[in-house]
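Below is one structure; the comments refer to it alone.
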Amino acid sequence: MTVETKLALSAEEVRSFSQSNNEPAAFADFRVAALIKAAQLDLPKPDKTNITKWNFTEFPVHTVESSPFSSLEELPEDVKAIIDTEGQENLYIQRNNTPAFIKLSEELKAKGVIFTDIQTAVRDHAELVEKYFMTTAVKVDEHKLTAYHAALVNGGVFVYVPRNVIIEVPLQVVFLHDNAEASLFNHVLVVAEQSSAVTYVETYVSTVEEAKGQANIISEVIVQDNAQVTYGAVDVLAKGFTTYVNRRGHVGRDGKLDWALGLMNDSDTISDNTTYLMGDNSSADTKTVVVGRGSQKQNFTTLVRHWGKNSDGQILKHGVMKDAAQSIFNGIGQIEHGATKANAEQESRVLMLSEKARGDANPILLIDEDDVTAGHAASVGRVDPTQLYYLMSRGISKAEAERLVIHGFLAPVVTNLPIEGVKKQLTEVIERKVR
Amino acid sequence: MATLEIKDLHVEIDGKEILKGVNLTINTNEVHAIMGPNGTGKSTLASAIMGHPKYEVTQGEILLDGENVLEMEVDERGKAGLFLAMQYPSEIAGVTNADFLRSAINARREEGDEISLMKFIRELDKTMEFLEMPEEMSQRYLNEGFSGGEKKRNEILQLMMIKPTFGILDEIDSGLDIDALKVVSKGINEMRGEGFGCLMITHYQRLLNYITPDYVHVMMQGKVVKSGGKELAQKLETEGYEWIKAELGIEDATVTEEA
């Protein structure tokens with residue numbers, strides 16, 4: 001028997017929130033049904049991290065009002081730095097829970113591309129949203145946090161790329177968190193129809209020292225047959241949040257999904273990045289880098305699950321742990337029966353910068369088919385003194401040598417982010433966090 | 001003129017004494033070769049001069065123009081003008097060859113006086129061309145996935161870009177095919193001159209056909225046991241080491257356990 005948890009909002013409050021946003025009645029029903037499930041379902045069980053005492057449900061207010069930006073000039077410097085304010089043609093900025101700026105090129109509009117905040121999508125693209133919203137990649141009733149998310153969604157983005165449309169320039173999204181009271185129940189839904197291509201890059205920026213709310217974030221990426229999606233993310237959320245972030249892909253035949261995730265939160269974080277390789281010849285390349293500091297507790301699970309024949313899954317996770325930070329890195333390659341010739345590879349490495357830090361690399365292969373290839377490499381250790389000696393012998397100071405080794409260690413994600421400003425920002429965040 | 005002096009150097013690794021009183025003086029504008037059978041302490045000498053953390057100096061001195069090298073950290077030794085081309089260079093993922101070289105060059109310069117990017121690229125291109133290295137190698141990660149020959153070439157590239165006062169080359173010729181050996185030797189010969197002194201450690205006389213040494217030293221049992229000019233190397237090539245052992249009454253040239 002599961003004990004019902006007291007949740008922050010009642011069914012009436014959820015319904016009235018939905019109505020105040022002019023959402024279709026079906027969506028209000030969907031939210032209320034999810035809320036009921038949230039009360040009954042258990043928390044997820046991330047391997048090797050006990051989260052039963054974590055507070056995932058309470059927060060000061062469900063939504064906060066923030067002013068939109070009438071021009072990019074008004075943006076705080078931290079946000080300006082990651083945007084090419086003149087060159088970026090496709091941009092969405094959300095300030096706490098408020099859609100604060102949106103821009104989509106005429107060319108993409110003409111091709112039928114949809115790029116809009118999730119509230120607008122729920123109203124104006126109800127059919128598409130209904131088809132994909134927590135139906136294919138993530139299910140409402142997986143556990144308490146998915147259901148809670150479905151009930152309380154209060155932000156996010158919808159991206160729809162029609163058949164055969166190739167978007168050459170990246171779509172950029174910035175989630176600005178500048179109100180300590182705010183909670184982020186953001187839902188990102190990316191649908192890439194057959195033979196389309198898109199690159200999506202999101203950044204979470206906190207400009208407040210300490211958050212009081214919840215961050216319960218879900219991204220669903222639907223990659224239809226022969227489509228290609230590159231998904232870049234840099235998360236820099238303030239301490240104080242209890243962060244649950246679930247980024248999941250669902251890839252059809254000949255489809256390709258690449259992830260480049262820089263997970264730099266200062267909050268306790270449970271991150272689940274799962275890719276389902278449904279179709280034959282589908283592939284996923286997931287790269288994650290992490291820096292943990294302070295007394296942070298984090299769990300990063302990366303799963304690639306193969307159903308498609310000849311599907312290819314690559315997992316790379318590199319984490320740097322300092323102070324008394326604790327992190328678990330679960331890397332799972334799972335091959336289902338029938339996924340012949342599938343290939344599951346993973347590499348998890350943790351670099352420890354202090355005595356008290358903890359990092360566990362936990363590579364797992366779950367294979368239910370004979371005709372496959374799989375491999376894993378894992379290591380946990382300190383900065384290699386031989387590497388430092390080599391660099392220092394060229395006159396480079398110890399501090400600079402360590403800096404080079406650490407940045408090099410985290411480079412796989414930095415180099416894969418397609419937006420210069422975001423790349424630079426991640427480098428700076430790493431710089432600040434490892435100092 | 002600059003001088004590197006090694007006086008009565010004793011070095012231990014894991015409590016075992018490897019060097020047992022090495023004496024050697026090298027000036028700029030000189031090329032010295034250290035030869036000797038395996039296990040006689042040649043590479044230990046190179047690592048001890050550079051300050052490898054595993055090697056402990058228990059006695060003796062290393063002086064660079066009178067300055068006590070043993071009191072310097074590894075990076076300070078580098079900045080003071082010492083350079084070691086290593087036998088097994090480290091691989092450092094995520095750091096490009098070019099970025100690393102620029103950091104190394106700038107480490108020697110004052111803040112605000114960093115080498116300009118354009119000047120750096122010009123010099124790098126020119127030097128890589130001289131060493132017959134493909135341009136893309138500057139953007140590859142430092143030594144990562146380099147073949148043995150590429151690593152050795154890359155060590156010489158660093159030597160030529162950093163321009164140290166003293167270059168110590170630890171078996172720069174081992175594992176090189178003839179073409180690579182020629183290129184590496186060309187690089188070292190290019191460095192020769194008034195501002196540069198060189199200490200080459202090698203097993204094989206063949207290297208000395210391409211780089212003519214001014215002085216040749218033979219190490220046995222953790223000491224320099226014989227010194228001479230380039231003709232000494234030729235004699236070693238034709239007659240081996242047995243005559244030296246006989247002359248000095250040495251049975252086993254390697255560093256022995258109990259010592």
Side-chain angles (χ1 to χ4, degrees), chain A residues 260 262 287-291 314 316-320 347-351 353 377-417 423-424 426-431 433-434, chain B residues 46-55 72-109 111 139-144 151 154-155 157-159 161-168 170:
Chain A
K287 292 188 168 70
T288 309
V289 296
V290 169
V291 176
Q314 304 285 333
L316 176 145
K317 304 172 85 170
H318 285 186
V320 173
E347 182 202 321
S348 294
R349 303 199 184 278
V350 186
L351 203 54
L353 299 187
S379 67
V380 177
R382 314 194 139 265
V383 177
D384 178 1
T386 314
Q387 287 186 335
L388 291 183
Y389 166 65
Y390 183 70
L391 294 172
M392 287 172 72
S393 77
R394 281 15 177 180
I396 296 170
S397 69
K398 187 171 185 194
E400 176 66 9
E402 276 179 344
R403 203 188 70 87
L404 282 173
V405 170
I406 291 166
H407 279 272
F409 181 70
L410 300 175
V413 166
V414 179
T415 52
N416 273 285
L417 287 167
K423 207 180 258 199
K424 231 176 116 201
L426 178 56
T427 304
E428 282 165 14
V429 170
I430 292 169
E431 189 86 54
K433 291 193 82 168
V434 298
Chain B
S47 297
I49 296 171
M50 204 66 236
H52 191 292
K54 278 180 101 173
Y55 295 82
M72 299 178 190
E73 294 293 334
V74 177
D75 58 321
E76 292 169 335
R77 297 180 196 204
K79 281 196 275 194
L82 299 178
F83 180 97
L84 172 59
M86 300 201 189
Q87 200 177 344
Y88 305 107
S90 288
E91 300 190 2
I92 300 178
V95 178
T96 65
N97 226 354
D99 283 349
F100 156 70
L101 266 171
R102 203 144 71 95
S103 295
I105 289 168
N106 284 333
R108 285 170 171 66
R109 301 165 74 113
E111 222 177 299
Q139 290 310 313
R140 279 172 66 185
Y141 292 151
L142 181 52
N143 294 325
E144 197 189 44
K151 281 182 182 165
N154 206 39
E155 293 292 285
L157 173 68
Q158 293 172 39
L159 176 80
M161 292 293 289
I162 291 173
K163 302 183 181 68
T165 318
F166 288 100
I168 302 154
D170 190 5

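What's counted below: heavy atoms across the whole structure, side chains too, no hydrogens, waters or symmetry copies. The structure displayed is predicted, hence computed values, not measured ones. Letters A, B, ... mirror the listed sequences (proteins, then strands); counts begin at 1.
Both the backbone and the side chain of B:Leu84 come within contact range of chain A, each with at least one heavy atom under 4.5 Å from a heavy atom of that chain. Residue contact with chain A, scored on non-hydrogen atoms closer than 4.5 Å, involves the side chain of B:Arg108 exclusively. Both the backbone and the side chain of A:Gln387 come within contact range of chain B, with heavy atoms under 4.5 Å apart. Heavy atoms of B:Leu142 lying under 4.5 Å from chain A belong exclusively to its side chain. Looking at B:Glu91, only its backbone comes within 4.5 Å of chain A, counting heavy atoms on both sides. Contacts of A:Phe409 with chain B are made by backbone atoms alone, with heavy-atom separations under 4.5 Å and no side-chain atom involved. Only the side chain of B:Tyr141 comes within contact range of chain A, judged by heavy atoms closer than 4.5 Å.
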Apply side chain to side chain contact (heavy atoms under 4.5 Å, CB included) to A:Leu388 and A:Glu402, showing your working. CA-CA 7 Å; A:Leu388 291 183; A:Glu402 276 179 344; 3.8 Å; yes

B:Leu82 and B:Met50: CA distance, side-chain angles, deciding distance, side chain to side chain contact (heavy atoms under 4.5 Å, CB included) verdict: CA-CA 7 Å; B:Leu82 299 178; B:Met50 204 66 236; 4.2 Å; yes

Run A:Tyr390 and B:Asn143 through side chain to side chain contact (heavy atoms under 4.5 Å, CB included) and show every step you take. CA-CA 11 Å; A:Tyr390 183 70; B:Asn143 294 325; 3.1 Å; yes

Where do A:Thr427 and A:His407 land on the side chain to side chain contact (heavy atoms under 4.5 Å, CB included) test, with the steps shown first? CA-CA 8 Å; A:Thr427 304; A:His407 279 272; 3.8 Å; yes

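Comparing B:Ala104, B:Pro89, B:Ser90, B:Ala80 by how many heavy-atom pairs each has under 4.5 Å with chain A, the most go to B:Ser90. Looking only at heavy-atom pairs under 4.5 Å with chain B, the residue among A:Ser393, A:Ala411, A:Ala401 that has the most is A:Ser393.
Ion pair B:Glu76/A:Lys398 not flagged as a salt bridge, since none of the NZ, NE, NH1 or NH2 atoms sits closer than 4.0 Å to an Asp/Glu carboxylate oxygen.
Open room surrounds NZ on B:Lys54; 12 or fewer heavy atoms of other groups in view lie less than 6.0 Å from it.
Checking side-chain atoms of A:Asn416 against main-chain N and O of A:Pro412 turns up a donor-acceptor pair under 3.5 Å.
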